[in-house]
Structures are given as structure tokens and as C-alpha cells.
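When a residue number appears, it is its place in the shown sequence, counting from 1.
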Amino acid sequence: MEVRKALTCVLLAVFLWAGDAQDSVPDSVLNCCEGDVLFLLDSSGSVASYEFFRMVDFLKDLLLPFSLGPEQVRVGLLQVGTEPHLEFGFEAYSSQDELQEALGRTKQLKGDTNTVDALLMARDRVLRQGTPGGARPDLPRVLVWLTDGVDPGEVQEPMARLRDEGVSVLVVSTGHGNYQVLREAVSPPAEEHLFFVDIDDINIISDDLRSAIIEIIRAERLQVKSVTTSSARLEWRPVLAGTGYYDIQFGPIRTGQTGGTGGPGTSPGTGLGPFQRITRPGDASSAQLTGLNPDTTYRVTLTPKANLEFLNSLHTTFTTQPVNPPQPEVPILSTVTISESTTNSVRVSWGPLLPHLIQGYQLEYSALPTGPLRIVSVSNRQDSTVLTDLQPDTQYLLTVSARLSSGRERAMTVKVCTQEVLPALSDLQLTTMGNESVQLRWRGSYDGLRGYWVTWEGGHSQRSTLYLPPNRLSTTLNHVPSRARVCVSPVYRTARGEGLCCTA
């Protein structure tokens, strides 16, 4: 995690004192933030015990640097099962020792994946501001959903209600989650709040997820609310204690502008168009921005002005609403399927095929966890392609994107697995040892070998089997009738390799 070493967060110093920044901030996020963070943890039967404990260990590492308490960060944990279970609420723990111990005691619920009921409990009992045991008023609230992505249910509506009520939603998926559903669940920007990762590599996202949470609950946070086509409400935490005033400048960001001297009423070299300036008294904590253009991105700068002190400015951006809300869209990319998987190739198919709406498709894929990204472009009249030159027995993360004629894009992400290399058995020898006894010898010792599977027909045409470990290259079988067929096959992680057979 990148720590801003000039940042010193104390209770009353939400804005940084210029020239008074410390250079010795510890390797943590101590005292940086104030807000309530609820973790929605998939604890259902679709999550293997190993995966569940990996998620819990990930949470312990993720939360360890934060300062906890009534004036800082508060954490809650809500488990998803057949019935939701609030493991602990925001008021339960105010020290890291207590929190880490509580996480270590967390047990998996198993049962069904009833995410919808868990979201309703989160909204009504935990994240609702001003209620006993609920979130604190006027402070940021964050919901972090950890899921294996298996059958989450109809989560779109409860997630949308949480976002509408000011809750920031982040999602971590460790399985085959529906990309479109999860993308719609998170708060924008999705590229910073939606994480797909294999459970064995989940720790590689710790820094990015922690940074995303910090950006939301940082104590110096400047918020823009109630955005319309022509206005927006700016809110901040007051730091002037009734003295001085706040200077507010805002203006549109010009697309593609990289600098210049600017003219009257412009901000030179910043990419801003003509800006407006308003002021608010020192006891204010909000301002109404009016006279805005629809569907336009604005940059806002808020500077506290005091007689004897200089406080750092805060910045944020927001986009006004378009005049006409977007119309319901045709399902552009609803299915992605994988077939014909071999050791070094797979066929990817998608649909529906809509060449009159789509300019083309793009496939981006890389080996998990950190393989190089490869990109393939496909015609808008093609609904499948074969990815080649893949590594055997490897998981890939694949995103199929449809580029619309309007310039917008739709995408789905899936995991793809190539087949394991399965070398065949070589040189099987059968030697008669006596009445109805034979000795088998063979050559083996292949990479990835798990053992050998021996089959033969016993008396009364009954089929017998024997499993041997990979270090055994021979065995003796008794009670093998004359002319019985004896076979030996190598066993690998995912399947059997081609074996050899002899007749006794």
C-alpha cells in the first residue's frame, strides 16, 4: 500500500497544515480515516472450508493497519447463509487485538446462499444511520461484499437502494461470478471497486482494496451529493470553528486539454474551462453549486481561509446528469461459453450476435494470478473463436467485450481452464507366476502423476480394481483366470492417462 508520508491525521486536523507535515508516518493507516465499514461474507455451503478460512485471514490482514474506535473506523461482519448472521456490529470492538481475536473465532455457517436477506438486514439494522447499533450520522458508510460468485440471487435492487442511500459498495469475487451483476452492484468507478481474484491469490488485492476503502472514508473527504442536470450539493467537514471562510472554485473539465495559458476566468494549465467562485462562512459545512451544464464533468476545489493559518485545499470531481435519462438497453452480451478445451487451446463462444448494433468484439485474457495480458479482436459477424498457445493445466481470466456503434461497451468475464497433459503408460509386461497369479511391471514416473489404476476380470466375470501409489512400478495379482484382460492406467490430477492392456 502506498502511504502518503506527508499525511498526519489527528482528530481536529481534517485538512493538512501546510508546511507541518510529518515525514515519519508508520507503515499503516493509523488515524487516517473515520467511517463505518461492514463486511458481507459469503459463509454458505458453496464456499469450501479452505476458501472460507482464506477469506477470514484476508480480512484480518486487510483491517490490521486501521485505527479503530468511536472517533475513527468501526467494523462490522455479517455472514451470508440460509439465514443471515450478524457476527458482530459496529460497536463491538474498538481495538485491533479484540477485532483480530473475533475474526479468528468466526465459524462458517454453511447452508444456502441467501444474499438478498443479508442485504436487507445490512440496510435495516446495520448501515441505517442514527439507529441503535447502526451507522453514525454524517459519516461515510462502506459495504464490502466477499463472495464466491455462485448464485448470489436477485441482489440488484437491494444493492441499488443501498447506493441511493449513500452507501459505497465494493465487491471481491473469488469464483465464477456474473460480471454484469457484480459490476452493477458496485459503486462507480467499477474498475476501482470490483475485484476478481483466485482464492489462493487473494492477498495480492489487499493493498488495492484497502486503498479503495481509505479513499471513501478518509477524514478529509469532500462529498458531492444530490447531483442533477444543473446543480449539485457540496458537503465537507467543518474545520474553521466559525472563523474565516471557505473559498470554492468549480468549473468543467475540458476533454483533451493538456495545458495553456488560459484566459480570464480560466484555470491555466489544469484542463478546466471557465470557472465560478463562491464563498461560505467559517461555520458552514455545505454549499449549493448552480448554473451547471448537463452531462458535464466538473472539478471542485475547496480552500479553507483563516487569518493566521494556511490549510490545504480539497479537490473532487463529479458529472452532472444528462438531460434525457438513458433508455433501457437491448441485452448486448448475455452469454459466454467455453468448449473444446485442450492442453493448449479453448473455444470461446458468445451471444447474441447483433452485427447491426456491435462494431466488433475484443477478448482479453491472462493466466492467473499474474500472467501477461493478451488481446484478440474479432469481427462483429463472428460469435466464437479459438484461443491458442495456452499453457496446459492453467486457469485464465477471460473478458469478452462488445464494442457498440454508439461508442459504449458491454463485457462479461469468466474463468477458463486448459486440460492437464496426460502422458500415456509405456512398456507394460505381464509374467505368469503360478496358478492364476501374474506379475505386472511397467514404466512410469511422469510429471504430475498421482498413481496407477489396475483393472482385471476375476472369477464369474467380475471386474476387479486396484489403486497403486506413483512410486510403485509393479504388482502381483492372484486369482486371475486364464485369458483375463489386465490393464494399467496412469492417474493424474484431473483424469486418467492412456493405459496399456495384456491378456493373461
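Between the side chain of Gln108 and the backbone N or O of Val47, at least one donor-acceptor pair lies under 3.5 Å. Side chain of Thr320 to backbone of Asp295: a donor-acceptor contact under 3.5 angstrom is found. With Gln362 contributing its side chain and Ser401 its backbone, the two residues share no donor-acceptor pair below 3.5 Å. Panel note: side chain Tyr298, backbone Asn293; a donor-acceptor pair is recorded below 3.5 Å. Side chain of Ser43 to backbone of Leu109: a donor-acceptor contact under 3.5 angstrom is found. The main-chain N or O of Glu98 is never found under 3.5 Å from a side-chain atom of Glu101 such that the two would form a donor-acceptor pair. Side chain of Arg136 to main chain of Pro70: a donor-acceptor pair is present (N/O by atom type, distance under 3.5 Å, no hydrogens or angles). For the pair Arg141 (side chain) and Leu127 (backbone), a donor-acceptor distance under 3.5 Å is present.
Smallest separation of non-hydrogen atoms from Asn114 and Thr82: ND2-O, 3.2 Å. Here the closest heavy-atom approach between residue Phe39 and residue Leu59 is recorded as CD2-CD2, 3.4 Å.
Between Asp36 and Arg74 there is a salt bridge, since a side-chain N of the basic residue sits under 4.0 Å from a carboxylate O of the acidic one. Salt bridge status for Lys225 with Glu235: present, with a side-chain N to carboxylate O gap under 4.0 Å. Comment: Lys415 engages Asp198 in a salt bridge, judged by a side-chain N to carboxylate O separation of less than 4.0 angstrom.
The environment of CD in Glu191 is crowded: more than 12 heavy-atom neighbours from other residues, nucleotides or ligands sit within 6.0 Å. Annotation for Lys107: atom NZ does not count as buried by contact number, only 12 or fewer foreign heavy atoms lying within 6.0 Å. Remark: Arg54 CZ is packed, more than 12 non-hydrogen atoms of other residues, nucleotides or ligands lying under 6.0 Å away.
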Arg210 and Asp207: CA distance, side-chain angles, deciding distance, salt bridge (charged side-chain N to carboxylate O under 4.0 Å, His left out) verdict: CA-CA 5 Å; Arg210 190 183 297 119; Asp207 291 347; 3.3 Å; yes
ring-ring contact (aromatic ring centres under 6.0 Å, His included) assessment of Phe88 paired with Tyr93: CA-CA 8 Å; Phe88 52 84; Tyr93 306 111; 5.1 Å; yes
Test side chain to side chain donor-acceptor pair (under 3.5 Å) applied to Ser95 and Asp97, step by step: CA-CA 6 Å; Ser95 73; Asp97 288 343; 5.5 Å; no
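Between Tyr246 and Trp236, the ring center distance clears the sub-6.0 Å criterion.
For the residue pair His85 and Glu83, no side-chain donor N or O sits within less than 3.5 Å of a side-chain acceptor on the partner. For Arg233 and Ser286, the side-chain atoms include at least one donor-acceptor pair closer than 3.5 Å. Checked by atom type, the side-chain pair Thr115/Thr113 shows no donor-acceptor distance below 3.5 Å.
Within the model, atoms OG1 of Thr343 and CG of Leu390 stand 9.0 Å from one another, a figure rounded to the nearest 0.5 Å. Rounding to the nearest 0.5 angstrom, the gap separating the CG atom in Leu170 from the CH2 atom in Trp145 is 12.5 Å.
Aromatic ring orientation, Trp350 versus Tyr361: tilted (interplanar angle from 30° to 60°).
The shortest distance between side-chain heavy atoms of Val171 and His193 does not fall below 4.5 Å.
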